[in-house]
Amino acid sequence: MQLVDSHCHLNFPDFDGRVQDILQNATEHDVGRLLCIATTWDNREAVLALARDHARISASTGVHPTTTRGHEPSVDELVAACADPEVVAVGETGLDYFRVEAPLEETLADRAGGALAWQHERFHRHIEAARATSLPLIIHTRAAAADTMETLRAHEARDAGGVMHCFAEDWAVAEQALDIGFHLSFSGIVTFKSARAIQEVARRAPLDRILVETDAPYLAPAPHRGKTNEPAFVRHTAEFVAGLRGIALEELAEATTANFHRLFAKVPAIA
């Protein structure tokens, strides 16, 4: 049995000097491959270094929607970055209204040219780069589901495909994502007692369209909630989702690993 952690941040300071131990622990918990996600134009280099040093790690390239400093890559720069053999996806990208400083009602009314314009412009560039390179998108959305889905449809993101990372919405949003060909990825949040709507989605979504992830170092699943998350803990999330669906962990692992390799087709198969 092999699981995949489809979204983690092993380049973050939480893992300094610990990567080898983290990978060994992942192996002991049947986690065979990891996708490490860039969040800024600068830290993509550290993500790439991890992928080059460790055959089990693959990389994405992109700028997180809440990043406010550093270089803002053009479509051409994103496309060029995607040519690296270790880069298998574009993102994470999307929309995040959770920490908008201006009053949200005013900001949303003026999002075409106001405080949210830069987020939308960045998102559009990432979608265009993904379509140009035929690499899947890794989508982050928080307090912005309606606009995120509208943008994905309007900019024909279906052509690239992708995944709704750390899915934390209800079934209505899940249906919209599935309708445009996207996958849903479940993090440790699905194991939280309060996550009833997410658990319903994890139960109902087609088995061939779901992934599991950690978002490490964040969102550790039960029974490790509140601790620093790591790829080995994706097994707890997988076990929980398998239980929701009434299937064996092995079946869930087989399906989510196959889904991962089908979506991120540039990733070499696990030996």
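- Note that Arg122 lies outside the cation-pi zone of Trp118, set by a 6.0 Å cut-off to the ring centre and a 45° limit from the axis.
- Between Thr148 and Met164, the closest heavy-atom pair is CG2-CE, 4.4 Å.
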Mind listing the side-chain donor-acceptor pairs of residues 172-181 below 3.5 Å, one per line with the distance, residues two or more places apart or on another chain?
unit_1, atom_1, unit_2, atom_2, d
Glu175, OE2, Trp171, NE1, 3.3
Gln176, OE1, Arg153, NH1, 2.9

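- If you take OG1 on Thr40 and NE2 on His64, they are separated by 11.0 Å, rounding to the nearest 0.5 Å.
- Side-chain contact, Thr214 with Asp5: a donor N or O sits under 3.5 Å from an acceptor N or O.
- When the side chains of ILVMFWY residues are joined at heavy-atom separations under 4.5 Å, either directly or via intervening members, Leu35 and Leu10 end up in two distinct hydrophobic clusters.
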Asp215 vs Asn229, side chain to side chain contact (heavy atoms under 4.5 Å, CB included): CA-CA, chis, key distance, verdict: CA-CA 8 Å; Asp215 201 18; Asn229 204 359; 5.6 Å; no
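- A donor-acceptor pair under 3.5 Å links the side-chain atoms of Gln199 to the main chain of Phe192, judged by distance alone.
- Thr191 OG1 to His224 NE2: the interatomic distance, rounded to the nearest 0.5 Å, is 10.0 Å.
- Taking each heavy atom of Asn259 and Arg209 in turn, the nearest pair found is ND2-N, 3.7 Å.
- One finds no salt bridge joining Asp42 and Arg69 here, because no Lys/Arg side-chain nitrogen approaches an Asp/Glu carboxylate oxygen to under 4.0 Å.
- Residues Met1 and Ile210 do not share a hydrophobic cluster, defined by chaining ILVMFWY side chains whose heavy atoms lie under 4.5 Å apart.
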Quick one, Thr257 with Gln2, criterion side-chain hydrogen bond (donor to acceptor under 3.5 Å, both in side chains). Give me CA distance, side-chain angles, the key distance, then yes/no. CA-CA 7 Å; Thr257 297; Gln2 288 287 342; over 6 Å; no
Please report the C-alpha distance between His120 and His124 in whole Å, then the side-chain angles of each, then the deciding distance to 0.1 Å, and finally whether the side chain to side chain contact (heavy atoms under 4.5 Å, CB included) criterion is met. CA-CA 6 Å; His120 282 256; His124 301 168; 4.1 Å; yes
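- Closest approach of Gly162 to Phe182, counting heavy atoms only: C-CD2, 3.3 Å.
- Under the 4.5 Å side-chain heavy-atom criterion for Ile, Leu, Val, Met, Phe, Trp and Tyr, Leu137 and Val75 are members of distinct hydrophobic clusters.
- Linking ILVMFWY side-chain heavy atoms closer than 4.5 Å, directly or via other members, places Ile37 and Val267 in a single hydrophobic cluster.
- Arg245 places a side-chain N or O within donor-acceptor distance of the main-chain N or O of Ala205, the cut-off being under 3.5 Å.
- Counting heavy atoms from C-beta outward, Glu230 and Arg18 have side chains that approach closer than 4.5 Å.
- The aromatic rings of His71 and Trp41 are tilted relative to each other, their planes meeting at an angle between 30° and 60°.
- From Asp53, atom CG reaches atom CD of Glu86 across 9.5 Å, with rounding to the nearest 0.5 Å.
- Inter-residue side-chain proximity for Cys166 and Leu219 is flagged as met; some heavy-atom pair is nearer than 4.5 Å.
- Leu95 CG to Met149 CE: the interatomic distance, rounded to the nearest 0.5 Å, is 11.0 Å.
- Phe15 has its side chain out of reach of Asn11: every pair of non-hydrogen atoms, C-beta onward, lies at least 4.5 Å apart.
- Ring geometry for His7 against His9 counts as perpendicular: the plane angle is over 60°, on a 0 to 90° scale with 30° as the lower cut.
- Side chains of Val4 and Thr256 form no contact here, defined as non-hydrogen atoms less than 4.5 Å apart.
- Side-chain polar atoms of Gln24 and Gln20 form no donor-acceptor pair below 3.5 angstrom.
- In this structure, Val87 and Ser60 approach most closely via the heavy-atom pair CG1-C, 4.3 Å.
- Listed here is the closest heavy atom pair of Ser6 and Phe260: CB-CD1, 3.8 Å.
- A salt bridge links Arg125 with Glu72: the closest approach of a Lys/Arg side-chain nitrogen to an acidic carboxylate oxygen falls below 4.0 angstrom.
- Side-chain atoms of Leu207 and Ile247, non-hydrogen and from C-beta on, do get closer than 4.5 Å to each other.
- Put simply, NE2 on His183 and CG on Leu263 are 5.0 Å apart, with the number rounded to the nearest 0.5 Å.
- Between Arg56 and Val31, the shortest heavy-atom contact is NH2-O, 2.7 Å.
- Using a 30° and 60° split on the angle between ring planes, Phe186 and Phe167 fall in the perpendicular class, above 60°.
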Which is it for Leu34 and His54 under the side chain to side chain contact (heavy atoms under 4.5 Å, CB included) test, yes or no, and what are the steps along the way? CA-CA 10 Å; Leu34 305 83; His54 303 280; over 6 Å; no
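- Under a hydrophobic clustering in which Ile, Leu, Val, Met, Phe, Trp and Tyr are joined whenever their side-chain heavy atoms come within less than 4.5 Å, directly or via other members, Ile189 and Phe240 fall into the same cluster.
- For Glu156, the salt bridge (charged side-chain N to carboxylate O under 4.0 Å, His left out) criterion is met by Arg131, not counting sequence neighbours.
- The local environment of CD in Glu254 is sparse, with at most 12 non-hydrogen atoms from other residues, nucleotides or ligands closer than 6.0 Å.
- Atom CZ in Arg203 sits 12.5 Å away from atom CD1 in Ile198 (nearest 0.5 Å).
- Side-chain contact between Pro65 and Phe123: absent, with no pair of heavy atoms (C-beta onward) separated by less than 4.5 Å.
- Between Glu239 and Leu3, every side-chain heavy-atom pair lies at or beyond the 4.5 Å cut-off.
- Residues Thr93 and Val63 form no side-chain contact, since every pair of their non-hydrogen atoms from C-beta on lies 4.5 Å or further apart.
- Contact check on Glu200 versus Arg196 returns no salt bridge, with no Lys/Arg side-chain nitrogen under 4.0 Å from an Asp/Glu carboxylate oxygen.
- A donor-acceptor pair under 3.5 Å links the side-chain atoms of Arg262 to the main chain of Asp208, judged by distance alone.
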Can Leu249 and Arg235 be said to form a side chain to side chain contact (heavy atoms under 4.5 Å, CB included), step by step? CA-CA 9 Å; Leu249 172 61; Arg235 184 179 179 119; 3.6 Å; yes
